[in-house]
2 protein chains.
Amino acid sequence: MAGGGERRKKTLTQPSPASGRGLKGHFEPDAPASGRGLSKRAEPDARRQSLIEATARVLARDGATGASVRPIAVEAGVSPGLINHYFAGIDALIAATYSAVGEQVSNALAAAVAAAGNDPRARLTAYVTASFAPPIADRALLATWIAFWSLTGKPQIAERHDAIYARYREDLEALLADCGIAPADRRLTAIAITALVDGLWLELCLSPDSFTADEARGLAERQLESYFVRSANSDR
Amino acid sequence: MAGGGERRKKTLTQPSPASGRGLKGHFEPDAPASGRGLSKRAEPDARRQSLIEATARVLARDGATGASVRPIAVEAGVSPGLINHYFAGIDALIAATYSAVGEQVSNALAAAVAAAGNDPRARLTAYVTASFAPPIADRALLATWIAFWSLTGKPQIAERHDAIYARYREDLEALLADCGIAPADRRLTAIAITALVDGLWLELCLSPDSFTADEARGLAERQLESYFVRSANSDR
DNA sequence: AACCTTATTATACGATCGTTCAACAAGCAA
DNA sequence: TTGCTTGTTGAACGATCGTATAATAAGGTT
């Protein structure tokens, strides 16, 4: 919508006085911004990934309001124009970051399950309580997540949200199945557990003084127990 | 750095063609924005209230990103400068709106409880399930709430959040007490119920296709039951 | 009437927003 | 070497952000 299309012919024809190399001067000669190297002519995939990671860091640090083109470019050690070379716009970059962060969270949960051994109940508990320990229980991750929620008005972002949450519930349903929860109960049980965990996680990050991570873990475990008690009663 | 600061001198020196009264032109002559009258020299308290309500409407419509001075002023049928006359800044206005909307929600829940009659269990159920019906279960209200969450980095907003949630849990604890939940259990029970309801409410508003309001209500009711079953067992 | 107080408007400022684009630079092919 | 492709820069645009402020308008007091 912004930016014209014809005015440039005259304006920029004469080269600007000091535009030899540009960016370099603002940073350490070869290590831009925050440690990421990648200063020149990166592999397209690596550059895309680096931009996504920079966006995630900015979202975690400054939330939705701070995640604008220039700060992200600075964080990535790159000029602002480059973002539009790799992504259709800032919204597309943020959407891609949503998917990437969602994947990371998913991996962290999977790791917690894997570390729990082979007992189905232990694996389920691990999956559920992982949200109350690092790296999930993290104020910065919540800020990132809220930023995504605040953008679900755009269909592009809403799609990612649905996909990420659907997968979360799918994983949970599989774990419930391994624990012997009846197929007809799995869907709603997964929804309830997801909601409880989300709500506890949200409030735990938002105002950590109202209860502790241990209390949250205890509440989630009790909720799980109640499903098995009920299931045992109705099965018999 | 961009845009320059010198070109404006010319651009804006001549007043915009139709700026006798300014805002008026966009709307009905004497009923600015959305029905609020109050066009000139209002009582300070009424004006403050009208600005807060306009902010709430804009937050509901456009979320956190859209809640900036000018759109709010348009919604209130007022010039942008007036906002800084009544509030220390846009952040203060939004904080005040948080309190006001929190109060409204609180009132809506109280009304649901009052409508439920005298049976303590019915009153508790009404309080809990009111979140899955209008006016609470509303995409626009969620957008408002997410906007507040996204600002909890600022201490001013975080305080309001803590106060609002503390009150929510207090009310819930009182209802639990009426239902005979042991004093020692009330705090954590209230936290768990709040979390479940919040999580269900969040996802119900965010992606309404994953489950229905009725299902959410059913899940919340079952959770309540489980607390009474447990309590009955341990009491006897 | 003249005066004072204050609600309100309208405009301006400097900063920053997302996007565009001509120019520069790096690597590869011929 | 010369060309060609393309990653990359830096500057500019128009829009909009939050805030400040001089001028105007309204109401009340004397």
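Reminder, nothing fancy here: chain letters follow the sequence lines and each chain counts from 1.
At a threshold of 4.0 angstrom between heavy atoms, the contacts of B:Gly81 include nucleobase atoms, whether or not backbone atoms are also involved. Across all strands, A:Ile90 comes closer than 4.0 Å only to sugar-phosphate atoms, never to a base (heavy-atom distances).
Side-chain contact between B:Ile191 and A:Glu203: absent, with no pair of heavy atoms (C-beta onward) separated by less than 4.5 Å. Counting heavy atoms from C-beta outward, B:Trp149 and A:Leu142 have side chains that stay 4.5 Å or more apart. Annotation: side chain of A:Asp162 is not in contact with side chain of B:Asp209 (no heavy-atom distance under 4.5 Å). You'll find the side chain of A:Ile94 stays beyond 4.5 Å of the side chain of A:Phe87, heavy atoms only.
Rounded to a whole Å, the CG atom of A:Leu51 is 12 Å from the C1' atom of D:dT8. If you take CD1 of B:Ile83 and P of D:dT19, they are 10 Å apart, rounded to a whole angstrom. Atom C1' of nucleotide D:dT16 and atom CD1 of B:Ile72 are separated by 14 Å, given to the nearest angstrom. Atom P of nucleotide C:dC17 and atom CG of A:Asp91 are separated by 14 Å, given to the nearest angstrom. Straight-line distance from the CG atom of B:Leu93 to the C1' atom of D:dT19: 14 Å, rounded to whole Å. One can place CZ of A:Arg47 at 13 Å from P of C:dA26, the figure rounded to the nearest angstrom. If you measure from atom CD of A:Glu43 to atom C1' of C:dG27, you get 12 Å, rounded to the nearest angstrom. For the pair A:Leu82 CG and C:dC24 P, the computed distance is 18 Å after rounding to whole Å.
Within residues 145-156 of chain A, no residue has any heavy atom under 4.0 Å from DNA chain C.
Aromatic ring pairs are classed by plane angle as parallel below 30°, tilted from 30° to 60° and perpendicular above 60°; the pair B:Tyr98 and B:His161 is tilted.
Between C:dT8, C:dC17, D:dT19, one nucleotide has an atom nearer to the side chain of A:Pro71 than all others, and that is C:dC17. When distances are taken from the side chain of B:Val69 to each of C:dG18, D:dT19, D:dT9, the shortest belongs to D:dT19.
The side chain of B:Ser68 contributes no N or O atom lying less than 4.0 Å from OP1 or OP2 of D:dT16. B:His85 has no side-chain polar atom (N or O) that falls below the 4.0 Å cut-off from OP1 or OP2 of C:dT8.
A salt bridge is defined here as a Lys NZ or Arg NE, NH1 or NH2 lying under 4.0 Å from an Asp or Glu carboxylate O, and B:Asp214 with B:Arg217 meets this definition.
Taking the nucleotide of DNA chain C with the nearest heavy atom to each of B:Tyr86 and A:Gly66, the more 5' of the two is matched to B:Tyr86.
For B:Arg70 against D:dG18, a side-chain-to-base donor-acceptor contact under 3.5 Å is present.
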N/O donor to acceptor pairs below 3.5 angstrom from side-chain atoms of residues 194-202 of chain A, sequence neighbours left out:
residue	atom	partner	partner atom	Å
A:Thr194	OG1	A:Ala190	O	2.6
A:Asp198	OD2	A:Tyr165	OH	3.1
A:Trp201	NE1	A:Ile136	O	2.9

